[in-house]
*Asks:* 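Starting off with a structure, shown below.
All of these numbers come straight from a predicted model, not from anything done at the bench.
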Amino acid sequence: MLVRKRRSAWKVWPVLGSSFFIYPALAQTVNVPAGLPPTVNATYQEVGMGGWTPPTSTTTQQISGSGSVVSTTISNGSGTDALQSMYSQSWGYAAAQNASALGVNPDALAATCVVESGCRNVYTANGKSSITGAFQMSNGTYNEALQKALASNPSLASSITNTGVSGQQDPATQAVAAAQYLKDAATTLQNAGISNPTALDARAYYNFGPTAGQAIARATDDTPMSEFVSASHMASNGISSNETVGQWRANVASKMGSAASSPILSS
């Protein structure tokens, strides 16, 4: 029996007086042995925020071929290690800019968020407390400090997401209130005789309030913390019953790193 071979036919489709061939599609694979090249996150200055100068340090992310972040590296430009930790967050540069707009040193602000939350935007509010966010502020303290900051520098309103209490879960917004509270602490400590208060000097004020904060900042190292802070507050803050002011300062300074000695007020 005679078998006739069938010949593959290519269809030609006319298009506007011309023609083109349709060919079978071939899969293509692109090999990237070392993954995608590092991507530098660009930083832009907020409109209307004055002459703030972005730092020279940069954050670099290594991206895998699938698009996931393999690692994040922060170059050591200007600033303390705490500031570099804050810059590694998506909101870090905006928080530093907002602090600078209030005359507060971003290093001191960063030292605070490192101790409070590791510079993570945690939600810790519950039925007993409204304290939450990267700077761990209560609703009352946050709202009072935020409104004071906005009255001092109205241009800040255009750089934050929400001027109400609900906005404090945004770290860049909460940073405005935290910076103002640190500024208030520095002013109080200056009036108490501490000429250039540092992040470490203001830690007790931020943690335990103005009265205890001022007393602890002026206390000698061998003074028991129990003279200024209640047993319940000591326990909730991981302070042992016989801990001295000097021991407490050393523990705080170890968490803040090089930012512990950073002055609160910008020169």
Side-chain angles (χ1 to χ4, degrees), residues 79-83 85-86 95-96 98-117 119 131 133-138 140-153 156 174-230 233-234 236-239 243-267:
T80 59
D81 45 3
L83 188 60
S85 294
M86 191 169 78
N98 289 339
S100 294
L102 287 170
V104 173
N105 183 359
D107 288 288
L109 179 70
T112 300
C113 83
V114 164
V115 174
E116 290 291 346
S117 67
C119 287
I131 294 175
F135 297 93
Q136 289 289 285
M137 303 186 77
S138 67
T141 301
Y142 164 81
N143 187 60
E144 181 179 352
L146 180 65
Q147 297 310 314
K148 186 174 182 179
L150 293 177
S152 172
N153 188 344
L156 282 167
Q174 195 181 54
V176 175
Q180 180 62 53
Y181 198 63
L182 286 173
K183 187 175 183 178
D184 292 342
T187 301
T188 299
L189 294 178
Q190 283 180 329
N191 292 335
I194 300 175
S195 60
N196 191 24
T198 65
L200 180 58
D201 291 330
R203 179 59 201 160
Y205 184 108
Y206 194 97
N207 205 170
F208 307 118
T211 301
Q214 182 179 166
I216 292 172
R218 300 179 62 190
T220 58
D221 282 346
D222 59 350
T223 307
M225 285 291 289
S226 57
E227 288 194 13
F228 314 109
V229 184
S230 68
H233 281 168
M234 288 177 64
S236 62
N237 284 277
I239 303 172
E243 191 166 320
T244 65
V245 170
Q247 291 171 329
W248 174 81
R249 285 174 178 152
N251 289 334
V252 172
S254 68
K255 296 176 182 177
M256 289 183 170
S258 58
S261 59
S262 297
I264 295 170
L265 301 179
S266 301
S267 56

*Asks:* Quick check for you: to the nearest 0.5 Å, what is the distance between M137 atom CE and T112 atom OG1?
*Replies:*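 With rounding to 0.5 Å, CE (M137) is 10.0 Å from OG1 (T112).
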*Asks:* Hey, does the side chain of K183 reach the backbone of V104 with a donor-acceptor pair shorter than 3.5 angstrom?
*Replies:* no
*Asks:* Going by side-chain hydrogen bond (donor to acceptor under 3.5 Å, both in side chains), name the residues that satisfy it together with D201, two or more places apart in sequence or in a different chain.
*Replies:*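 D201 satisfies side-chain hydrogen bond (donor to acceptor under 3.5 Å, both in side chains) with T198 only.
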*Asks:* Would L265 and N105 satisfy side chain to side chain contact (heavy atoms under 4.5 Å, CB included), going step by step from the backbone distance to the final call?
*Replies:* CA-CA 6 Å; L265 301 179; N105 183 359; over 6 Å; no
*Asks:* My understanding is that only residues two or more places apart in sequence, or in another chain, count here; which of them pass salt bridge (Lys or Arg N to Asp or Glu O under 4.0 Å) with K148?
*Replies:* D184
*Asks:* Return yes if some donor-acceptor pair links the side-chain N/O of Q174 with the main-chain N/O of Y142 below 3.5 Å, else return no.
*Replies:* no
*Asks:* Passes side chain to side chain contact (heavy atoms under 4.5 Å, CB included), Q180 versus L102? Steps please.
*Replies:* CA-CA 7 Å; Q180 180 62 53; L102 287 170; 3.9 Å; yes
*Asks:* Please check if the side chain of Q214 supplies one atom and the backbone of T211 the other of a donor-acceptor pair under 3.5 Å.
*Replies:* no
*Asks:* To the nearest 0.5 Å, how far apart are OG in S230 and CG in N237?
*Replies:* 9.0 Å
*Asks:* Taking all atoms of both residues into account, what is the closest heavy-atom pair of S85 and C119, and its distance?
*Replies:* O-CB, 4.4 Å
*Asks:* Restricting to side-chain hydrogen bond (donor to acceptor under 3.5 Å, both in side chains), what partner residues turn up for T141, sequence neighbours left out?
*Replies:*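 With neighbours one apart ignored, the set is S138.
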*Asks:* Please enumerate all residues that pass side-chain hydrogen bond (donor to acceptor under 3.5 Å, both in side chains) together with N143, with sequence neighbours excluded.
*Replies:*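 Result, side-chain hydrogen bond (donor to acceptor under 3.5 Å, both in side chains) vs N143: none returned.
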*Asks:* Ignoring hydrogens and angles, tell me if any N or O in the side chain of N153 forms a donor-acceptor pair with the backbone of A149 under 3.5 Å.
*Replies:*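 No, N153 side chain to A149 backbone: no donor-acceptor pair under 3.5 Å.
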*Asks:* Any side chain to side chain donor-acceptor pair (under 3.5 Å) involving residues 219-229? Give me the pairs, sequence neighbours left out, ordered by first then second residue.
*Replies:* T220-D222, T220-T223, D221-R249
*Asks:* How many angstroms lie between NE2 in H233 and CE in M225, if you round to the nearest 0.5 Å?
*Replies:*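 Here the rounded value is 12.0 Å.
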*Asks:* Would you please name every residue forming a ring-ring contact (aromatic ring centres under 6.0 Å, His included) with Y205, sequence neighbours left out?
*Replies:*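 Scan of Y205 (ring-ring contact (aromatic ring centres under 6.0 Å, His included), adjacent residues dropped) gives Y181.
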*Asks:* What pairs of residues pass the salt bridge (charged side-chain N to carboxylate O under 4.0 Å, His left out) test when at least one of them lies in residues 203-219, not counting sequence neighbours?
*Replies:*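 Listed once each, the pairs are E116-R203.
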*Asks:* Tell me every residue that passes side-chain contact (heavy atoms from CB on, under 4.5 Å) with A175, counting only those two or more places apart in sequence or in another chain.
*Replies:* A95, L109, F135
*Asks:* Give the minimum heavy-atom separation between M256 and A199, together with the two atoms involved.
*Replies:* CE-O, 3.6 Å
*Asks:* Only pairs at least two apart or in different chains count here, so list each salt bridge (charged side-chain N to carboxylate O under 4.0 Å, His left out) that has a residue in residues 98-108.
*Replies:* none
*Asks:* Can you confirm whether E144 is buried at CD, in the sense that more than 12 heavy atoms of other residues, nucleotides or ligands lie under 6.0 Å from that atom?
*Replies:* no
*Asks:* Can you list the residues that meet the side-chain contact (heavy atoms from CB on, under 4.5 Å) rule with A202, with sequence neighbours excluded?
*Replies:* L182, A185, L189, I264
*Asks:* Test: side chain to side chain donor-acceptor pair (under 3.5 Å). Region: residues 252-261. Which pairs qualify, not counting sequence neighbours?
*Replies:* D81-S258
*Asks:* Are T244 and P224 close enough that some pair of their side-chain heavy atoms sits under 4.5 Å apart?
*Replies:*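 No, every pair of side-chain atoms sits at 4.5 Å or beyond.
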*Asks:* State which residues pass side-chain contact (heavy atoms from CB on, under 4.5 Å) with A253; sequence neighbours excluded, sorted by chain then number.
*Replies:* L200, A260
*Asks:* State, with a plain yes or no, whether a side-chain heavy atom of V115 is found less than 4.5 Å away from one of N207.
*Replies:*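 Side-chain contact under 4.5 Å: no.
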*Asks:* Hey, are the side chains of P197 and Q190 touching, using non-hydrogen atoms and a 4.5 Å cut-off?
*Replies:* yes
*Asks:* Locate the shortest heavy-atom distance separating S117 from G133; write the atom from each residue and the value.
*Replies:* CB-O, 4.2 Å
